[in-house]
Amino acid sequence: MKFEPVIGLEVHVQLNTNTKIFCSCPTTFGEEPNTNVCPVCLGMPGVLPVLNEKVVEYTVKAGLALNCKIQQKSVFARKNYFYPDLPKNYQISQFELPICLDGFVDIDTENGVKRIGITRIHMEEDAGKLIHGENLGNPNSSYVDYNRTGTPLMEIVSEPDMRSSEEAKAYLEKLKLILEYTGVSDCSMEKGSLRCDANVSVRPIGQKEFGTKVEIKNMNSFKNVQKAIDYEIRRQISEIESGNIIVQETRLWDPEKGITISMRSKEESHDYRYFPDPDLVPVVVTKDMIDSIKKTLPEMPDKVLAKLISDYNLPEYDASVLVSSKELSDFFFETSKLTKNYKAISNWIQTEIMRVMNEKDCLINEVGISPAHLSELITLVDENVISLKIAKSLFDDILKEKRSPRELVKEKGLVQIADEGALEEVVKKVLSACSKEVERYKNGETKLIGFFVGQIMKETKGKANPKIVNELLTKLLS
Ligand code: ADP
Ligand code: ZN
Ligand code: MG
């Protein structure tokens with residue numbers, strides 16, 4: 001029997017507001033434990049939550065970017081469970097009436113574009129963080145840090161529309177990219193601002209009903225999400241083939257061993273005894289609010305990609321690299337206002353600039369070259385003032401000195417020799433010094449032209465205009 005996997009993802013995204021969702025504590029990361037706290041987020045008796053308006057704005061913004069229908073009325077609910085990282089004994093979330101419904105994300109697959117449905121997006125608060133004593137040299141105790149308690153999250157629940165771990169990965173990557181463009185989260189998986197739970201089941205090919213699903217938690221990279229799903233698919237198939245049934249449960253991914261481990265039997269929603277939070281009024285989002293949030297949305301990556309290909313004539317590959325982060329494409333567009341050599345801008349970004357970004361592990365804005373300086377450098381090459389090779393050798397100086405490339409070229413005496421008379425002298429000199437190679441060239445070894453160009457460049461310290469050199473060589477050698 002052949003099986004088909006069915007996958008749905010639940011993604012928690014931390015919103016980058018300055019303060020928490022129901023109190024004014026800061027959300028700054030990496031503070032001393034239990035310093036970003038107050039009676040509200042510690043769940044003291046007698047306190048009342050007050051909703052942070054930014055959380056609504058950001059979730060609506062994300063919902064619009066993900067093609068959702070925004071609910072004009074949504075309701076916060078209490079999700080009750082008991083755990084030391086949850087001081088109130090309930091998490092404020094949304095249940096029956098979430099703020100966004102019914103969106104989608106288009107992903108690229110082997111068989112073309114596939115649309116993955118988004119069931120809902122709701123707002124909720126994060127819990128605290130438990131730190132177990134063995135990591136602190138004290139195996140008999142556990143510690144809790146409530147700094148994260150009350151940090152605003154949105155949970156994005158997909159439809160069970162994915163049929164392979166590759167599709168799940170593509171969905172996650174696309175989701176992350178879109179959210180990065182909206183700017184509502186830094187979407188860093190390492191920092192825990194984007195966390196993903198995967199629901200996986202398998203069914204015999206041709207069967208209409210879904211199989212029993214298992215939820216996998218604790219995956220902290222795209223690679224691990226994919227590996228965990230693949231492991232789980234194999235495990236479920238082999239259980240079924242051995243005559244066992246799949247039990248609905250929550251499993252943990254162990255990245256070291258590369259396996260999933262049973263954690264607990266899955267709670268049903270009635271286990272949480274959800275009910276509307278009596279301390280919070282329903283959230284009402286007016287049409288005007290939705291319209292004004294819509295106006296703040298930047299162009300989404302699919303649109304930007306199409307634009308780069310059609311309006312800027314870039315190859316699809318270049319366009320996809322530039323779109324892969326909003327900073328990159330913004331930098332491209334800024335530079336493109338100053339020079340029309342779009343392919344050169346793309347080349348510089350993909351070679352020298354991305355090299356520095358990798359070396360320094362930094363963003364494009366931290367590389368040390370501005371769109372103005374890059375366009376100047378490109379123009380210097382296009383006007384034949386310097387060769388591309390010299391431009392490349394100048395690049396690190398521009399970063400270091402943060403000065404205009406045109407000034408640096410002048411100061412360093414790098415202006416290209418484009419004077420035909422002067423160059424002809426050099427070419428003649430080189431050819432007479434290389435009489436053997438000239439002989440071989442005349443006997444048919446035409447690839448020696450590269451050798452001559454090299455010698456001439458050496459003689460002129462790279463400053464000879466390559467186009468004129470080539471013309472002169474062809475003339476003099478024939
Ligand atoms: P629960 O109430 O157990 O949380 P939901 O219906 O809310 O279940 O679904 C949670 C996630 O699981 C969603 O992303 C959904 O797409 C996915 N899902 C639901 N049923 C299945 C299934 N049979 N196989 C795989 N994923 C599923
Ligand atoms: Zn607080
Ligand atoms: Mg659910």
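Counting convention: from 1, in listed order, for ligands and their atoms alike. In this text, all values refer to a predicted model and were calculated from it rather than measured experimentally. Starting from 1, each residue takes its place in the sequence as its number. Heavy atoms only: backbone and side chains are in, while hydrogens, waters and symmetry mates are out.
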Closest to atom 23 (N) of ligand 1 among Pro160, Gly211, Pro5 (heavy-atom distance):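 Among Pro160, Gly211, Pro5, the closest heavy atom to atom 23 (N) of ligand 1 belongs to Gly211.
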Could you list which atoms of ligand 1 come closer than 4.0 Å to a heavy atom of [X]?
{"X": "Phe210", "answer": "23 (N)"}
{"X": "Glu159", "answer": "16 (O)"}
{"X": "Val6", "answer": "24 (N), 25 (C)"}

Mind checking whether [X] contacts ligand 1 via backbone (N, CA, C, O), side chain (CB onward), both or neither, at a 4.0 Å heavy-atom cut-off?
{"X": "Val157", "value": "side chain"}
{"X": "Glu215", "value": "neither"}
{"X": "Leu9", "value": "backbone"}

Side-chain donor-acceptor contact under 3.5 Å, [X] with [Y]:
{"X": "Asp126", "Y": "Thr151", "answer": "no"}
{"X": "Glu249", "Y": "Ser262", "answer": "yes"}
{"X": "Asp230", "Y": "Ser165", "answer": "yes"}

Test of ring centre spacing under 6.0 Å for Phe82 and Tyr90: no
Note: Lys88-Glu125 ion pair, threshold 4.0 Å (strictly below):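 Judged by the 4.0 Å cut-off on N to carboxylate O distance, Lys88 and Glu125 do form a salt bridge.
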Pair Glu299 + Lys307: basic N to acidic O under 4.0 Å: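 The answer is yes: the pair qualifies as a salt bridge.
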Partners meeting side-chain hydrogen bond (donor to acceptor under 3.5 Å, both in side chains) with Asp302 (sequence neighbours left out): Lys174
N/O separation below 3.5 Å, Ser201 to ligand 1: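 Ser201 vs ligand 1: N/O contact under 3.5 Å present.
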Vertex the Zn ion (ligand 2), arms to Cys41 SG and Cys25 SG, rounded to 10°: 110°
